[in-house]
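To start, the structure under review is shown below, and the notes come after it.
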2 protein chains.
Amino acid sequence: MTEPAYVAIAGEYARRIRHGDLPSGTQLPSYAEIAERHSVSDIVVRKALDLLQSQGLVRAVRRRGVFVADRPNLIRISPERQMETPEVTFGTESDGEINIDRHTERVSATDALAETFGLSPGDEITHVITRASEGRRPISISDTYQPLDVTGTSEAAILEETLTDQLPTPVHAEWLRVGPGDLVKMVHQRFLAADGRVIMVSNVSYPRDRYDAFVFRMALTES
Amino acid sequence: MTEPAYVAIAGEYARRIRHGDLPSGTQLPSYAEIAERHSVSDIVVRKALDLLQSQGLVRAVRRRGVFVADRPNLIRISPERQMETPEVTFGTESDGEINIDRHTERVSATDALAETFGLSPGDEITHVITRASEGRRPISISDTYQPLDVTGTSEAAILEETLTDQLPTPVHAEWLRVGPGDLVKMVHQRFLAADGRVIMVSNVSYPRDRYDAFVFRMALTES
DNA sequence: AAGTGGTCTAGACCACGTG
DNA sequence: ACGTGGTCTAGACCACTTG
């Protein structure tokens, strides 16, 4: 009934990080050193630090060490924010220069996309790839799909956002420069018209070491 | 530069699950069997399935096996939904009988809570613990804190929600019956008055096997 | 009794960054 | 040259569920 060693170790570091005892950027001892200090094998330490990584508290850098993460969060103002251009969205949350690259093409709809839009498989749709970076650091990459007869989201009445951790697509993984086996934060958006039709879907990937948590800020309506 | 074995195995199962090839509830082969099938050690298989678990695609049950997760999602309608009572919120998303248990007490504010509310450490505040279950299955547990001179959220003008994966507090872990080392989904809410004062904060924990993804659905305002 | 997932050990090699 | 994190192997014991 007692706590496994890796949970105890993870809990100890989690507490020290949240208490501010270990500030952002601090390097943790190496796996070998923590292992020796707690008299466990290094596998146990790895499992403990994996737990901290999946909470976004630390960040392991290959051949350098494990560091306490800085946690800028991602502020999403709903729903107004969703209609902004990426330039505006990122411009307000960063002081570095933001670079946005867009690439538009026509593709054949996959079965899933065709069903989403009420089209036939193979019908052509618009595919926009948007890459955002701050300086040389990638921030996000998104795939946006839309029927040819719709442009933008001006017809949209409802937005659904689903937040998940996912294995990135190869294209997303390459742009975000995440290692194999690293998960990314994915925001899946569906824009619906007033009649219920889906007029646009978008998958936006973010590296987890930049945005470990998502913050939704919303104005409350009078009841 | 080639993909590690555990990523390849995780990717294969992720694809088959998402394609519907492996429907919800399907039992996966045991670690030993997958290991043999892919000619790797069982540690590699564990790492692969850990990856799937952190994506919410599968759920390992001690001494039974690993199963494809059913993914009911949690629909949160923002912002209207936030003002509903838990009875209404859960009642609409389930057909089982929902049980809500509330416990109210006065406690001394910790340093962090005192600072949040603009009080002095040790000042008394209201603490409400809310436990929700469906039948005998726990759904959520929350800690809500509020200054004594405020009741409810009628003064609230803005709501901020932060979504994270966290190691649960011991009380939350016990109620949700999650094992040691299991993370929970935590929604941290801050209700702000029009003048910027924080009038209520709440930490709500959910087991990850019930809600692997969060869906925010919002009406778009005319621009 | 057999099989399951959970935990843990004690080794090993690799690629790469730092001193 | 050394230390780092990343990957992988081949064992082991435990507590429990299932047939």
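Note on naming: letters A, B, ... go to the chains in the order of the sequence lines (proteins, then strands), and numbering restarts at 1 for each one. Every value quoted in this text rests on a predicted model; they were computed, and no experiment measured them.
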Shortest non-hydrogen separation from B/Leu176 to B/Ile141 and the atoms involved: CG-CG2, 4.0 Å
Contact summary for A/Pro180 and B/Tyr6, nearest pair of heavy atoms: O-OH, 3.7 Å
Separation of D/dG5 P from A/Arg63 CZ (nearest whole Å): 11 Å
A/Val66 vs B/Arg46, nearer the 5' end of DNA chain D by closest nucleotide: A/Val66
Between P of D/dT4 and OH of A/Tyr31, the distance in whole Å: 12 Å
Atom-to-atom span, CG of A/Leu49 to P of D/dG5 - whole angstrom: 9 Å
Cation-pi, B/Tyr206 ring and B/Lys185 (6.0 angstrom, 45 degrees): no
First and last nucleotide of DNA chain C, 5' to 3', lying under 4.0 Å from heavy atoms of chain B: C/dT4 to C/dC8
B/Arg64 vs D/dT18: side-chain N/O to OP1/OP2 distance below 4.0 Å: yes
Any residue meeting side chain to side chain contact (heavy atoms under 4.5 Å, CB included) with A/Ala69, in chain and number order, not counting sequence neighbours: none
A/Thr153 side-chain N/O to A/Ala156 backbone N/O, donor-acceptor pair under 3.5 Å: no
Ion pair check, B/Arg46 and B/Asp50, cut-off under 4.0 Å: no
Cationic N near anionic O, under 4.0 Å, B/Arg208 to B/Asp182: no
Ring-ring centroid check A/Tyr145 A/Phe117, cutoff 6.0 Å: no
Sugar-phosphate, base or nothing in reach of A/Ala5, heavy atoms under 4.0 Å: sugar-phosphate
Heavy-atom donor-acceptor pair, A/Thr169 side chain to A/His172 backbone, under 3.5 Å: yes
Whole-Å distance separating the NZ atom of B/Lys47 from the P atom of D/dG5: 13 Å
DNA chain D contacts made by residues 34-44 of chain A, counting heavy atoms under 4.0 Å: A/Ile43
Of B/Ser30 and B/Gly181, the one whose closest DNA chain C nucleotide lies more 5': B/Ser30
